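Keep in mind that what you see is a predicted model, and the values were worked out from it rather than measured. Note on naming: letters A, B, ... go to the chains in the order of the sequence lines (proteins, then strands), and numbering restarts at 1 for each one.
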Number of protein chains: 2
Amino acid sequence: MKNSQLYKGSLNTIIMKLLEEQGRMYGYEITQKVKEITKGELNITEGALYPALHKLEADGLLDVEVEKVDNRLRKYYKLTEKGTTENVNRLAELEEFIKNIQTIVNPKLSY
Amino acid sequence: MKNSQLYKGSLNTIIMKLLEEQGRMYGYEITQKVKEITKGELNITEGALYPALHKLEADGLLDVEVEKVDNRLRKYYKLTEKGTTENVNRLAELEEFIKNIQTIVNPKLSY
DNA sequence: TGTTATGCATAAGAAAATTATGTATATATT
DNA sequence: AATATATACATAATTTTCTTATGCATAACA
């Protein structure tokens with residue numbers, strides 16, 4: 001993956017946004033979804049994803065349900081109530097951040 | 001500063017873009033310019049800025065000229081030829097990154 | 001039967017910030 | 001005159017958040 005350091009810090013917001021949209025998802029599903037949406041340009045590594053999911057869960061923002069499908073384990077995550085609230089804030093912050101960056105690197109597009 | 005972790009990785013690109021625009025700038029001037037452009041929302045810390053400038057210089061992307069103004073030191077930085085080329089690439093990557101993030105968190109705006 | 005896909009996890013290391021601190025001069029305030 | 005704020009640089013310790021590498025296990029495909 002190129003420009004990987006750029007998305008530092010935005011992974012948590014991406015995860016939460018997808019969970020808000022999809023209701024619930026398991027880890028591997030999240031990586032595939034992001035790959036699909038970005039046409040292969042953004043690939044979330046497992047070493048980044050799983051620790052992030054665990055931290056969000058530990059922080060009370062996600063709930064987890066373990067299921068066995070085709071004899072393979074899946075851990076389905078969904079937003080808690082706290083997570084839903086927090087998601088709104090983080091999305092707002094991300095939008096604000098993007099707006100600021102745009103103002104700097106592409107003044108023409110900012111109005 | 002809020003959402004500080006979001007701009008991890010984009011600092012170098014911000015610096016180079018401003019230098020491209022302004023011709024040459026010194027460190028403190030960069031922090032003030034960013035604060036001004038983003039209406040105080042993005043504050044570059046000195047602990048992030050100066051090491052970043054030193055690294056860009058070490059990588060041959062920036063040239064430095066030391067001047068004394070009002071008995072105070074200023075280090076003016078400008079893009080080298082290599083830096084100018086690299087700036088184009090990094091800006092393109094940043095735009096691409098922003099587009100990808102937008103596609104994920106705000107599908108309505110992506111087309 | 002070996003490779004690819006699915007599905008989880010963690011440890012070691014690197015990158016890039018924050019926070020705290022230090023030095024020094026100039027200007028504004030009280 | 002004394003003090004605080006602004007200007008201007010710098011670095012060390014720590015933290016956060018990734019990458020890379022590795023490990024385990026099952027299913028599907030060639």
Side-chain angles (χ1 to χ4, degrees), chain A residues 1-16 24-36 40 42-59 61-62 64-77 90 93-94 97 100-101, chain B residues 1-16 24-36 40 42-59 61-62 64-77 90 93-94 97 100-101:
Chain A
M1 175 171 40
K2 307 163 295 180
N3 34 328
S4 48
Q5 84 278 22
L6 284 175
Y7 91 123
K8 282 201 184 217
S10 54
L11 177 58
N12 286 331
T13 309
I14 291 173
I15 292 172
M16 295 174 75
R24 65 171 208 166
M25 299 180 85
Y26 56 100
Y28 186 75
E29 189 184 9
I30 292 175
T31 66
Q32 299 308 302
K33 186 74 180 174
V34 168
K35 199 185 287 183
E36 178 205 322
L42 218 60
N43 287 283
I44 297 180
T45 60
E46 295 166 299
L49 177 69
Y50 292 114
L53 286 171
H54 300 160
K55 182 157 196 316
L56 288 169
E57 191 198 347
D59 290 345
L61 302 175
L62 301 187
V64 66
E65 285 166 16
V66 180
E67 281 182 33
K68 208 158 195 175
V69 179
D70 290 333
N71 207 33
R72 269 199 239 90
L73 206 69
R74 283 186 187 171
K75 290 195 168 181
Y76 280 96
Y77 290 91
R90 297 205 188 184
E93 281 177 16
L94 183 55
F97 165 72
N100 282 328
I101 292 286
Chain B
M1 174 171 39
K2 307 165 295 182
N3 35 326
S4 50
Q5 86 276 22
L6 285 174
Y7 91 124
K8 283 196 184 220
S10 54
L11 177 58
N12 286 332
T13 309
I14 290 173
I15 292 172
M16 293 173 76
R24 65 172 210 165
M25 299 180 84
Y26 56 99
Y28 186 76
E29 189 183 8
I30 293 174
T31 67
Q32 299 308 301
K33 187 72 180 175
V34 168
K35 198 185 287 181
E36 178 205 321
L42 218 61
N43 286 283
I44 296 180
T45 60
E46 295 166 299
L49 177 69
Y50 291 114
L53 286 172
H54 299 160
K55 183 157 195 316
L56 287 170
E57 191 197 345
D59 291 345
L61 302 174
L62 301 187
V64 67
E65 284 166 17
V66 181
E67 281 181 34
K68 208 159 196 174
V69 180
D70 290 331
N71 207 33
R72 268 200 240 90
L73 206 70
R74 284 185 187 173
K75 290 196 168 181
Y76 280 97
Y77 291 91
R90 298 205 186 183
E93 281 176 16
L94 184 55
F97 165 72
N100 283 327
I101 291 287

Measure CE/B:Met25 against P/D:dT7 and give the value in whole Å, please.
13 Å
Calculate the interatomic distance between B:Glu46 atom CD and D:dT7 atom P; express it in whole Å.
11 Å
Might you point out which heavy atoms bring A:Tyr76 and A:Arg74 nearest each other, and give the distance in Å?
OH-NH1, 2.9 Å
Between B:Asn12 and B:Leu61, is the side-chain contact (heavy atoms from CB on, under 4.5 Å) condition met? List the steps.
CA-CA 10 Å; B:Asn12 286 332; B:Leu61 302 174; over 6 Å; no
What do the steps show when you test A:Val34 against B:Asn100 for side-chain contact (heavy atoms from CB on, under 4.5 Å), and what is the final call?
CA-CA 9 Å; A:Val34 168; B:Asn100 283 327; over 6 Å; no
Taking OH from B:Tyr50 and C1' from C:dT23, how many angstroms apart are they, rounded to a whole number?
13 Å
Nearest-angstrom distance from the residue atom CD of A:Gln32 to C1' of C:dG7
11 Å
Less than 4.0 angstrom from a charged side-chain N to a carboxylate O is my criterion; do B:Arg24 and B:Glu67 meet it?
yes
Between D:dC18, C:dA17, D:dA6, which one does the side chain of B:Ala48 approach most closely?
C:dA17
Reckon A:Gly27 touches a base, only the sugar-phosphate, or nothing at all at heavy-atom distances under 4.0 Å?
sugar-phosphate
Assess the residue pair A:Tyr50 and A:His54 against the criterion (side-chain contact (heavy atoms from CB on, under 4.5 Å)); give the C-alpha distance rounded to whole Å, side-chain angles, the decisive distance to 0.1 Å, and a yes or no.
CA-CA 6 Å; A:Tyr50 292 114; A:His54 300 160; 4.1 Å; yes
Starting at atom NZ of B:Lys55, determine the distance to atom C1' of C:dA14, rounded to an integer number of angstrom.
11 Å
Sugar-phosphate, base or nothing in reach of A:Glu29, heavy atoms under 4.0 Å
nothing
What is the distance from CG of B:Leu49 to C1' of D:dA8, rounded to the nearest Å?
11 Å
Within the pair A:Tyr26 and C:dC8, is there a side-chain N or O less than 4.0 Å away from OP1 or OP2?
no
Taken to the nearest whole Å, CG/A:Asn12 to C1'/D:dT15 is 15 Å
Which one, C:dG7, D:dT7, D:dT19, comes nearest to the side chain of A:Thr45?
D:dT19
Phosphate oxygens OP1/OP2 of D:dT11: is one of them under 4.0 Å from a side-chain N or O of B:His54?
yes
On a heavy-atom basis, the closest approach of A:Leu11 and A:Ala48 is CD2-O, 3.7 Å
Distance, rounded to the nearest Å, where A:Ile44 contributes CD1 and C:dC8 contributes P:
13 Å
Close approaches to DNA chain C from residues 66-76 of chain A, in residue order (heavy atom, under 4.0 Å):
A:Arg72, A:Leu73, A:Arg74, A:Lys75
Can you see which heavy atom on B:Leu53 is nearest to which on B:Gly27, and at what distance?
CD1-CA, 4.0 Å
